[in-house]
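One structure is given below, encoded as structure tokens.
Below, each value reflects all heavy atoms present in this structure, side chains not excepted, and no hydrogens, waters or symmetry copies.
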Amino acid sequence: MAEQRSVAVRFSHVSRHFGEVRAVDDVSLELYDGEFFSMLGPSGSGKTTCLRLIAGFEQPTAGQIELHGRSLVGVPPYERDVNTVFQDYALFPHMSVGENVGYGLMVKRVPKRERQERVHDMLELVRLPGLADRKPSQLSGGQRQRVALARALINHPNVLLLDEPLGALDLKLRQQMQIELKSIQQRVGITFVYVTHDQEEALTMSDRLAVFNQGKIEQLGTPAEVYERPQTEFVAGFVGVSNIVRAEAARKITGEPVSFSIRPEKIRLCPPETPTAPDLYSEEGMIRDVVYLGMYTRYLVELRDGGDLTVVEQNLQSTSMDALAAKGRQVKLMWKKEFNRPIGGAGSRSG
Ligand code: ADP
Ligand code: MG
């Protein structure tokens with residue numbers, strides 16, 4: 001990035017090994033002040049361990065972590081200007097909502113009057129005004145998570161760590177909370193480090209994200225960069241859905257034996273006689289399978305030259321009947337050459 005931004009968290013060649021397990025394996029990255037940064041990856045890829053390293057619950061086996069330019073070596077968790085929000089809320093059940101939110105201020109001996117004001121402001125921020133006197137057990141899952149968020153933000157930490165905070169919520173509520181979390185983050189301007197295994201969540205909320213696989217970063221960039229230019233086969237498959245076309249099959253299409261990925265929604269299904277154009281790749285084939293998914297339909301097309309490609313089309317004009325009737329039909333697949341993304345072989349890394 002060309003612009004100069006101040007760095008909130010810096011990992012320099014950080015590893016955390018547990019015996020043979022390389023939970024975090026030589027990770028280097030910089031998180032900027034005030035950004036919404038996501039760590040995205042499958043279960044076991046090292047995301048939580050990264051958060052625990054920042055929070056100080058875990059020590060690196062190698063490498064260094066800095067918070068605002070200050071080395072964290074030997075700094076205990078309570079002296080780090082960070083807070084964590086977990087998936088399971090971890091609210092104090094015997095305390096009211098207001099007491100939960102104000103807890104951090106009470107520990108710091110902030111006078112009661114000021115405490116009440118700040119609790120009030122925080123509850124407004126997370127849209128729970130008037131619920132200060134309830135007990136956590138009298139709240140819904142979504143409301144509890146807002147309380148946890150308010151409690152974590154009330155001390156104005158420099159960095160807020162969030163470990164799959166929406167994981168326990170149902171899809172509708174999760175999507176609503178994603179938008180709200182993002183808007184809260186923008187209002188408070190605190191650096192958020194958000195851990196998730198849900199690619200849609202990471203793409204929706206992040207300014208930038210890192211894709212983790214086996215303790216390493218496969219790719220780091222903005223959501224658009226990672227989605228539109230996946231640099232490895234792992235990223236192409238994990239973030240969204242991709243067709244992966246390997247060397248020999250790729251050569252038949254492009255003339256070069258370079259593996260590439262192509263997103264299913266970038267390919268158009270056309271009648272076989274459709275003329276092609278110089279800026280397009282075109283492949284003939286037969287629709288072998290059709291899956292109607294309401295908003296869109298997924299087609300599996302067997303190519304005449306071998307292999308198959310998945311194509312996704314929005315159901316703008318077509319009904320489920322139209323879509324399903326396409327099975328067995330001969331088609332020409334066409335897509336802009338520029339949509340091909342060359343990828344390294346399995347195991348290649350870019351981080
Ligand atoms: P994620 O949050 O991406 O699911 P974690 O960071 O929790 O992944 O774990 C990464 C790897 O490290 C996993 O293989 C996990 O089993 C291992 N691991 C994490 N913590 C410990 C520990 N305290 N002892 C041994 N292995 C651990
Ligand atoms: Mg985890």
Side-chain angles (χ1 to χ4, degrees), residues 35-52 54-55 82-101 103-104 119 122-154 157 159-188 190-212 223 226-227 238-241 293-295:
E35 81 173 329
F36 197 121
F37 189 92
S38 292
M39 296 180 170
L40 170 69
S43 171
S45 58
K47 310 178 297 293
T48 293
T49 305
C50 280
L51 286 197
R52 292 172 58 80
I54 299 172
V82 303
N83 247 333
T84 310
V85 177
F86 302 96
Q87 177 178 327
D88 55 7
Y89 323 124
L91 298 177
F92 304 119
H94 57 286
M95 290 186 190
S96 70
V97 164
E99 287 163 346
N100 265 284
V101 174
Y103 184 75
V119 167
M122 273 297 137
L123 288 176
E124 293 252 290
L125 179 74
V126 299
R127 295 192 207 223
L128 290 178
L131 294 192
D133 295 330
R134 291 232 191 134
K135 286 277 163 57
S137 60
Q138 295 169 307
L139 301 177
S140 70
Q143 290 173 326
R144 276 181 221 172
Q145 199 50 292
R146 286 161 206 252
V147 174
L149 185 66
R151 189 179 61 176
L153 285 172
I154 199 160
V159 176
L160 187 69
L161 310 173
L162 303 103
D163 197 351
E164 315 236 9
L166 308 182
L169 308 181
D170 64 49
L171 179 64
K172 269 241 168 81
L173 191 53
R174 210 157 70 219
Q175 289 172 336
Q176 186 193 333
M177 285 291 290
Q178 287 166 10
I179 295 167
E180 261 185 56
L181 262 180
K182 174 81 184 177
S183 115
I184 288 171
Q185 188 269 338
Q186 285 169 338
R187 265 179 288 160
V188 296
I190 290 171
T191 309
F192 274 32
V193 189
Y194 191 94
V195 158
T196 180
H197 65 272
D198 181 325
Q199 45 109 3
E200 191 190 308
E201 202 161 280
L203 293 176
T204 314
M205 295 194 287
S206 318
D207 295 315
R208 295 188 307 148
L209 61 129
V211 183
F212 278 75
V226 172
Y227 186 80
F238 191 76
V239 183
V241 179
L293 294 159
M295 203 144 63

So, the side chain of [X] versus the backbone of [Y]: is there a donor-acceptor pair under 3.5 Å, distance only?
X	Y	answer
Lys47	Phe212	no
Arg144	Pro136	yes
Ser38	Leu40	no
Arg134	Val97	no
Asp163	Val195	no

At their closest point, which heavy atom of [X] faces which heavy atom of [Y], and how far apart are they?
X	Y	answer
Val101	Met122	CG1-CB, 4.0 Å
Met39	Val193	CE-CG1, 4.0 Å
Ala152	Thr84	CB-O, 4.3 Å
Leu209	Pro223	CD2-CA, 3.6 Å
Leu125	Val188	CD2-CG1, 3.7 Å

When rounded to the nearest 0.5 angstrom, what distance separates [atom1] in [X] from [atom2] in [Y]?
X	Y	atom1	atom2	answer
Asn100	His94	CG	NE2	8.0 Å
Asp207	Thr191	CG	OG1	10.0 Å
Lys172	Arg174	NZ	CZ	12.5 Å
Glu200	Tyr227	CD	OH	11.0 Å
Leu91	Glu99	CG	CD	12.5 Å
Leu169	Gln176	CG	CD	10.0 Å

Does some side-chain heavy atom of [Y] sit less than 4.5 Å from a side-chain heavy atom of [X]?
X	Y	answer
Pro129	Glu124	yes
Phe36	Lys182	yes
Val147	Leu131	no
Asn83	Leu153	no
Leu166	Asp198	no

Which is it for Gln145 and Val85 under the side-chain contact (heavy atoms from CB on, under 4.5 Å) test, yes or no, and what are the steps along the way?
-> CA-CA 8 Å; Gln145 199 50 292; Val85 177; 3.5 Å; yes
Mind running side-chain contact (heavy atoms from CB on, under 4.5 Å) on Arg146 and Met177 for me, showing each step along the way?
-> CA-CA 9 Å; Arg146 286 161 206 252; Met177 285 291 290; 3.5 Å; yes
So with a 6.0 Å cut-off around CG of Asp170, is the heavy-atom count from everything else above 12?
->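 It does: Asp170 CG has more than 12 such atoms within range.
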Carefully, step by step, assess Met205 and Thr196 under the rule side-chain contact (heavy atoms from CB on, under 4.5 Å).
-> CA-CA 11 Å; Met205 295 194 287; Thr196 180; over 6 Å; no
Flag for Tyr194-Gln185: side-chain donor and acceptor within less than 3.5 Å =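 On atom types as modelled, these side chains do not qualify, holding no pair under 3.5 Å.
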